[in-house]
Asker: 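Below: one structure in structure tokens.
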Amino acid sequence: MKKTYLFLADGFEETEALATVDLLRGAGVKVEMVSINETVAVKGAHDIEVAADKVLGQEDMSDAEMLILPGGMPGASNLAANAQVCELLTAQHERGGKIAAICAAPAVVLAPLGIVDGYDATCYPGFEEGLSAGGAYTKHQRVVVDRDVITANGPSSVFPFALSIVEALKGQDAADEVAAGILL
């Protein structure tokens, strides 16, 4: 069974990362948190330290089911500055693999790599310029699903974001079951 990976960089938005992983695991998705640091310890944007499941480079991720990017600053910038993360994302996109990004990450990480070129996408307000160059920025939508790319606009959209990922990986029934389980 393929795995899904969520990348963590210092400065990540804790709610976006942890709520997404929580809902995905609740749906039975095999998702692992991957630190881009030298250790599993990663400090979020609000000084919450999290232990990732593994460190980038410990496992071959070339056939990932999905790659997920939380936002937060400077977390998104730190992800964008990591050559290995960028290579994995580019390869995933080139083979038609699934990618999801929330908050600043669609504009700061995906757009410079050309991943949202020709796609509808959304991001955190104030980062729209990064998306508008190659993609069609969808301003008033919390979550945008366009082919194999899922984007969301920020922390308050984490539940519909995560449920869209569940739907993409496990189907609508699984997403509905998770939503009911969290009383959404």
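Note that the structure is predicted; figures quoted are calculated from it, not measured.
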Asker: Would you compute the distance between atom CG of Asp22 and atom CG of Leu18 and round it to the nearest 0.5 angstrom?
Answerer: 8.5 Å
Asker: Give a yes or no on this: more than 12 heavy atoms of other residues, nucleotides or ligands lie within 6.0 Å of atom OH of Tyr124.
Answerer: no
Asker: Determine, step by step, whether Glu59 and Lys3 satisfy the salt bridge (charged side-chain N to carboxylate O under 4.0 Å, His left out) criterion, reporting the C-alpha distance in whole Å, the side-chain angles of both residues, the deciding distance to 0.1 Å, and the verdict.
Answerer: CA-CA 11 Å; Glu59 184 173 326; Lys3 291 182 188 174; 3.0 Å; yes
Asker: Under a 4.5 Å side-chain heavy-atom rule over Ile, Leu, Val, Met, Phe, Trp and Tyr, are Val31 and Val50 clustered together?
Answerer: yes
Asker: Ignoring hydrogens, what is the shortest heavy-atom contact between Ile102 and Gly154? Give both atom names and the distance.
Answerer: CD1-O, 3.4 Å
Asker: Has the side chain of Ser35 got a donor or acceptor atom that lies under 3.5 Å from a matching backbone atom of Thr39?
Answerer: yes
Asker: If you take all heavy atoms of Ala168 and Met66, which pair is closest and at what distance?
Answerer: CB-CE, 4.3 Å
Asker: Only one of Asp53, Leu56, Leu88 clears side-chain contact (heavy atoms from CB on, under 4.5 Å) with Val34; which?
Answerer: Leu56
Asker: Would you check if there is a donor-acceptor pair between the side chains of Asp60 and Ser62 at a distance under 3.5 Å?
Answerer: yes
Asker: Working to the nearest 0.5 angstrom, can you tell me the gap between Leu184 CG and Leu23 CG?
Answerer: 8.5 Å
Asker: Can you check side-chain contact (heavy atoms from CB on, under 4.5 Å) on Glu14 and Glu16, steps first, answer last?
Answerer: CA-CA 6 Å; Glu14 295 94 339; Glu16 294 167 354; over 6 Å; no
Asker: Mind running salt bridge (charged side-chain N to carboxylate O under 4.0 Å, His left out) on Lys43 and Glu49 for me, showing each step along the way?
Answerer: CA-CA 4 Å; Lys43 189 174 277 193; Glu49 190 168 279; 5.0 Å; no
Asker: State whether the side chain of Glu13 and the backbone N or O of Gly71 hold a donor-acceptor pair below 3.5 Å, judged by distance alone.
Answerer: no
Asker: Quick one: do Glu65 and Lys98 make a salt bridge, cutoff under 4.0 Å?
Answerer: no
Asker: Can you name the nearest heavy-atom pair linking Ala121 to Thr151, along with the distance?
Answerer: CA-OG1, 3.3 Å
Asker: When you compare the side chain of Gln92 with that of Glu94, does any pair of heavy atoms fall below 4.5 Å?
Answerer: no
Asker: Check Ile115, Leu69, Leu131, Thr122 against Pro106 for a side-chain contact (heavy atoms from CB on, under 4.5 Å) and give me the one that passes.
Answerer: Leu131
Asker: Does the Arg95 side chain pair with the main chain of Thr90, one donor and one acceptor, at a distance under 3.5 Å?
Answerer: no
Asker: Is the Lys NZ or Arg CZ of Arg142 less than 6.0 Å from the centre of Phe161's six-membered ring, within 45° of the axis?
Answerer: no
Asker: Linking I/L/V/M/F/W/Y whenever any side-chain heavy atoms sit under 4.5 Å apart, do Phe7 and Val55 land together?
Answerer: no
Asker: Test Leu24 against every option in Leu163, Ile68, Val178, Leu6 by the side-chain contact (heavy atoms from CB on, under 4.5 Å) rule and name the one that passes.
Answerer: Ile68
Asker: Return the OG1 to CZ distance between Thr4 and Arg25, rounded to the nearest 0.5 Å.
Answerer: 11.0 Å
Asker: Under 4.5 Å between side-chain heavy atoms, counting indirect links through other Ile/Leu/Val/Met/Phe/Trp/Tyr residues: same cluster for Leu113 and Leu79 or not?
Answerer: yes
Asker: Taking it one step at a time, do Gln141 and Asn153 satisfy side-chain contact (heavy atoms from CB on, under 4.5 Å)?
Answerer: CA-CA 8 Å; Gln141 285 187 252; Asn153 65 1; over 6 Å; no
Asker: Ser164 and Ile150: which non-hydrogen atoms are nearest, and at how many Å?
Answerer: O-CD1, 3.7 Å
Asker: Work out which heavy atom in Ala9 is nearest to a heavy atom in Ile36; give both atom names and the distance.
Answerer: CB-CD1, 3.5 Å
Asker: Would you check, one step at a time, whether the test side-chain contact (heavy atoms from CB on, under 4.5 Å) holds for Phe127 with Met73?
Answerer: CA-CA 12 Å; Phe127 289 87; Met73 290 302 279; 4.1 Å; yes
Asker: Where is the tightest heavy-atom contact between Val116 and Ala111, given as atom of each residue plus distance?
Answerer: CG2-CA, 3.7 Å
Asker: When you look at CD of Gln172, are more than 12 heavy atoms from neighbouring residues, nucleotides or ligands closer to it than 6.0 Å?
Answerer: yes
Asker: Donor-acceptor pair, Glu128 side chain versus Gly126 backbone, under 3.5 Å?
Answerer: yes
Asker: Would you give the length of the straight line joining atom CZ of Arg147 to atom CG of Asp120, rounded to the nearest 0.5 angstrom?
Answerer: 8.0 Å
Asker: Report the distance from atom CE of Met33 to atom CZ of Phe12, rounding to the nearest 0.5 Å.
Answerer: 8.0 Å
Asker: Could you state whether Val144 and Val149 fall into the same hydrophobic cluster, counting links through intermediate Ile, Leu, Val, Met, Phe, Trp or Tyr residues with side-chain heavy atoms under 4.5 angstrom apart?
Answerer: no
